[in-house]
Amino acid sequence: MDTLTVGKVRKKAKTLYKVLAPPPRETISEWTDKHRYTDDGKYYVDTAAYQRGPMDALSDPMVEEVVMMTSAQIGKTEIILNMIGRYTHREPCHIMWLLPSLTMAKQVTKSRLEPMFDVTPALRGILADKRMRDGRNSLDFKKFPGGFLIMAGANSPVSLSSWPIRILLGDEIDRWGKLIKAEGDILMLARKRTTSYARNKKIFLVSTPTEKGESRIEPAYRETNQQQYWVPCPHCGGFQTLKFMNLKFEYDREAIKGLTEGADEAEEFEWKRKAIAEHIHAWFVCEHCGSVIEHDDKYDMVLSGEWRAKFPKIVKRQGFHIWQAYSPFVTWAETAAEFLYATGYPDRMRVFTNTVLGELFEEKGQRLEDAPLMERREQYPKKLPENIEVVTVGVDVQGDRLECEIIGWAADGENWSLDYRVLWGNTQLLETYEQLEYVWELEWKRQDGALLTVDALGIDVGYNPSEKGNTENVDSNVIYDWVESASKLQRVFAVKGSSTRVEGVVKWTRAGKRRLKLWLIDGEQVKDVVLKRLMIDPGNPGSSHFPLHYEKPYFMMLTAEEKKLKAARRVWIKVRERNEAVDTRQYAYASMLILKPKWGYIKRRIVEREVQEDPGEEGVVKEKKRLRVKKRLKMGRR
């Protein structure tokens, strides 16, 4: 045997030894501190020291399942990435990362997973070359020596079939669907993939919670040892968990008001959050000594903290609950800003409870009653409040009539119903829709002298006469014909409820072959806003006002829907036959969203009346009316 051949044999032997040698006894957190890099440089677990507990539990051979119920901004995705990095490097095996959808899985692959393998030296070269088109390194499948990683979607039955899995990573499990048709619960199906590895499998379930009775993560957490993170007071040393009730803050009300004007939508608030937080001073109060704990103390407190279990005798199933107050990525002032933004809005408070507190949201009441709303009727003043900036109309189409409601909107969501009318006529005839032209002639005077007129009208084009038993032999596209004609002169929007979830609540598509925008609206999301805001007390942000002349039938229609569980999800369902007032309010709200108003910068025509004495006639005082026209209403493009 020549020297060259001996050298090859030795090289192969070393490679074989590396494969067969047991992995070093290091936990996931230890591996992370040694090897993990990000685009910003070396990754250190002590940056968010609470991450060490879940990672070490996942490294414990006695632990089979780890459940983490958290808020957002905690770094749970980084824990998953660290686990994948450690196992692909030290203990290659079959891994599945299961996200809510296959689309999301592919996005995470590109934005989070592949960059980790690219910038971490210990992982470089483990995956097959992406340029090789042999399927070993695609967006949803990664092959490496000794194992593979599947990036799966809970909405794809194929993702959960035929693969024996040792490491199951269930991400955002409260956002998965409930069932796969003809197969069963998704979480149960995913767990079955691990049955081949009864002795050394690992299941990691992580999510922000959702609503009581619908959450997956909360009952899974209750079956564990239920650990929470305890931190010492920097003054007395007493250990405690950070509770939202102990978070105190003070703020510059005027400065915040200026920044929150126009931040009606979540994405607008998000980029203003840090600016708002600059005007807030937030601190915690120690529950032992009552001392003030400043935000600057947080890092040292978290670094010195520890996980404590409610049921320490449970070992096989470890559970961890933590919320945003511990996060190094969000200040306490920003948390206070989010609370101020959510206060008074049930839909926003749901998001705050789930994604900031990391807790279940429990609905106070799913059923609206007509009597309390009737009692809130009021006599509107001759001049409307100054904070009404936009006026929109929602029109619901029935076989023999149009029902329309006109609503004035303020920047903070407070709204005033200005008029509700029923226009009779066959809705397959163009002349019926021509009755709507009256709305463009309506005017309301505001307390500051501004003249309010209708800014936009949204009409339902989803009416199907064949479904309603209308046998008139008339073109059912007449609604589109009218919208095409009317939209040349006014802001008239063709709106239709979408059968699927709509990102951003409203989005446009083409109305068939017509040169017309069709706006699809997410009825469930819109109803969550407009109906739940009816529960807000008058005068608060988001509250609704009704004029004194509205009668009981209107309020019966407005409260004709109730949120109930149907097909494993809560949806709005009619409990009374007539619900037109719900639909008109939906379309008026959607029209306001389509406009994208620049709150606080909308210019209106000002009508000022000056009383001047005419020297030409004794004792006669003439009223001189002066009109001053400002710039046209500034709105977003339709």
Side-chain angles (χ1 to χ4, degrees), residues 27-29 31-33 35-59 65-89 95-120 123 127 139-140 142 149-155 159 167-176 187 190 202-210 216-217 220-221 229 270 302 318-324 326-330 351 354-356 358:
T27 64
I28 296 171
S29 64
W31 179 92
T32 301
D33 281 331
H35 300 288
R36 176 74 196 282
Y37 281 80
T38 69
D39 290 334
D40 298 323
K42 189 72 181 68
Y43 186 104
Y44 294 103
V45 178
D46 282 350
T47 302
Y50 51 79
Q51 293 180 350
R52 196 176 299 277
M55 286 193 279
D56 289 349
L58 289 164
S59 308
E65 185 168 316
V66 174
V67 178
M68 194 171 183
M69 184 169 72
T70 94
S71 67
Q73 303 293 337
I74 287 296
K76 53 185 180 292
T77 302
E78 294 299 333
I79 297 175
I80 292 175
L81 289 169
N82 294 336
M83 188 175 184
I84 291 172
R86 190 266 177 193
Y87 274 93
T88 54
H89 182 212
I95 306 171
M96 176 183 282
W97 189 353
L98 185 56
L99 290 104
S101 71
L102 197 55
T103 300
M104 186 182 295
K106 291 179 178 180
Q107 289 172 346
V108 170
T109 299
K110 290 189 288 187
S111 63
R112 306 294 292 274
L113 182 68
E114 289 181 345
M116 178 184 72
F117 279 90
D118 291 339
V119 302
T120 300
L123 300 178
L127 300 181
L139 288 177
D140 54 4
K142 304 288 184 185
L149 168 63
I150 299 172
M151 299 296 293
N155 64 338
S159 300
I167 307 294
L168 173 64
L169 307 169
D171 197 356
E172 288 297 344
I173 67 173
D174 271 19
R175 274 81 187 164
W176 296 359
L187 183 55
K202 295 290 182 188
I203 299 174
F204 183 35
L205 304 178
V206 59
S207 185
T208 51
T210 50
R216 275 197 181 93
I217 196 70
Y221 173 74
Y229 202 67
E270 191 59 32
V302 173
Q318 302 272 315
F320 301 86
H321 177 250
I322 196 166
W323 68 288
Q324 186 171 284
Y326 296 89
S327 173
F329 315 114
V330 185
V351 175
N354 294 158
T355 64
V356 176

For this session: Hey, could you give me the CZ/CG distance between F117 and L127, rounded to the nearest 0.5 Å?
Result: 4.5 Å
Exercise. Taking side chain as C-beta onward, heavy atoms only, is L102 less than 4.5 Å from N155?
Worked result: yes
Problem set entry | Note, H35 side chain near R86 side chain (heavy atom, < 4.5 Å) | no
For this session: Check whether any side-chain heavy atom of L149 sits under 4.5 Å from a side-chain heavy atom of Y87, and report yes or no.
Result: no
Exercise. Only one of I95, V66, T88, L58 clears side-chain contact (heavy atoms from CB on, under 4.5 Å) with M83; which?
Worked result: L58
Exercise. Going by heavy atoms in the side chains, are V206 and F320 under 4.5 Å from each other?
Worked result: no
Exercise. Which heavy-atom pair separates W97 from L113 by the least distance, and what is that distance?
Worked result: CZ3-CD1, 4.4 Å
Problem set entry | pair R175-T208: side-chain heavy atoms closer than 4.5 Å | yes
Problem set entry | Main-chain N/O of I217 paired with D174 side-chain donor or acceptor, under 3.5 Å | yes
Exercise. Are side-chain heavy atoms of L187 and L205 found at a separation under 4.5 Å?
Worked result: yes
Exercise. Do Q324 and T355 come within less than 4.5 Å of each other through their side chains, counting heavy atoms only?
Worked result: no
For this session: Locate the shortest heavy-atom distance separating W176 from L99; write the atom from each residue and the value.
Result: NE1-C, 3.7 Å
Exercise. Should the pair H321 and Y221 be assigned to parallel (<30°), tilted (30 to 60°) or perpendicular (>60°) ring geometry?
Worked result: tilted
Exercise. Is it the case that K42 places NZ or CZ above or below the six-membered ring of Y44, under 6.0 angstrom from the centre and within 45 degrees of the axis?
Worked result: yes
Exercise. Where the side chain of N354 meets the backbone of T210, is there a donor-acceptor pair that is under 3.5 Å apart?
Worked result: yes
Problem set entry | Spatial distance of atom CZ (R216) from atom CE (M69) [nearest 0.5 Å] | 15.5 Å
For this session: Go through T103 and Q107 one step at a time and tell me if the side-chain contact (heavy atoms from CB on, under 4.5 Å) criterion holds.
Result: CA-CA 6 Å; T103 300; Q107 289 172 346; 3.9 Å; yes
Exercise. Can you name the closest pair of heavy atoms from Q51 and G75 and give their distance?
Worked result: NE2-O, 3.4 Å
For this session: Measure from the side-chain N and O atoms of S327 to the backbone N and O of I74, and report whether any donor-acceptor pair falls under 3.5 Å.
Result: no
For this session: Could you tell me which non-hydrogen atom of P209 sits nearest to which non-hydrogen atom of T70, and how far apart they are?
Result: CD-O, 3.5 Å
Problem set entry | Shortest non-hydrogen contact between E78 and Y43, atoms and distance | CB-OH, 3.5 Å
Exercise. How far apart are the closest heavy atoms of Y326 and Y50, and which atoms are they?
Worked result: O-CE2, 3.4 Å
For this session: Would you check, one step at a time, whether the test side-chain hydrogen bond (donor to acceptor under 3.5 Å, both in side chains) holds for S29 with T27?
Result: CA-CA 5 Å; S29 64; T27 64; 3.0 Å; yes
For this session: Check whether any side-chain heavy atom of R52 sits under 4.5 Å from a side-chain heavy atom of D46, and report yes or no.
Result: yes
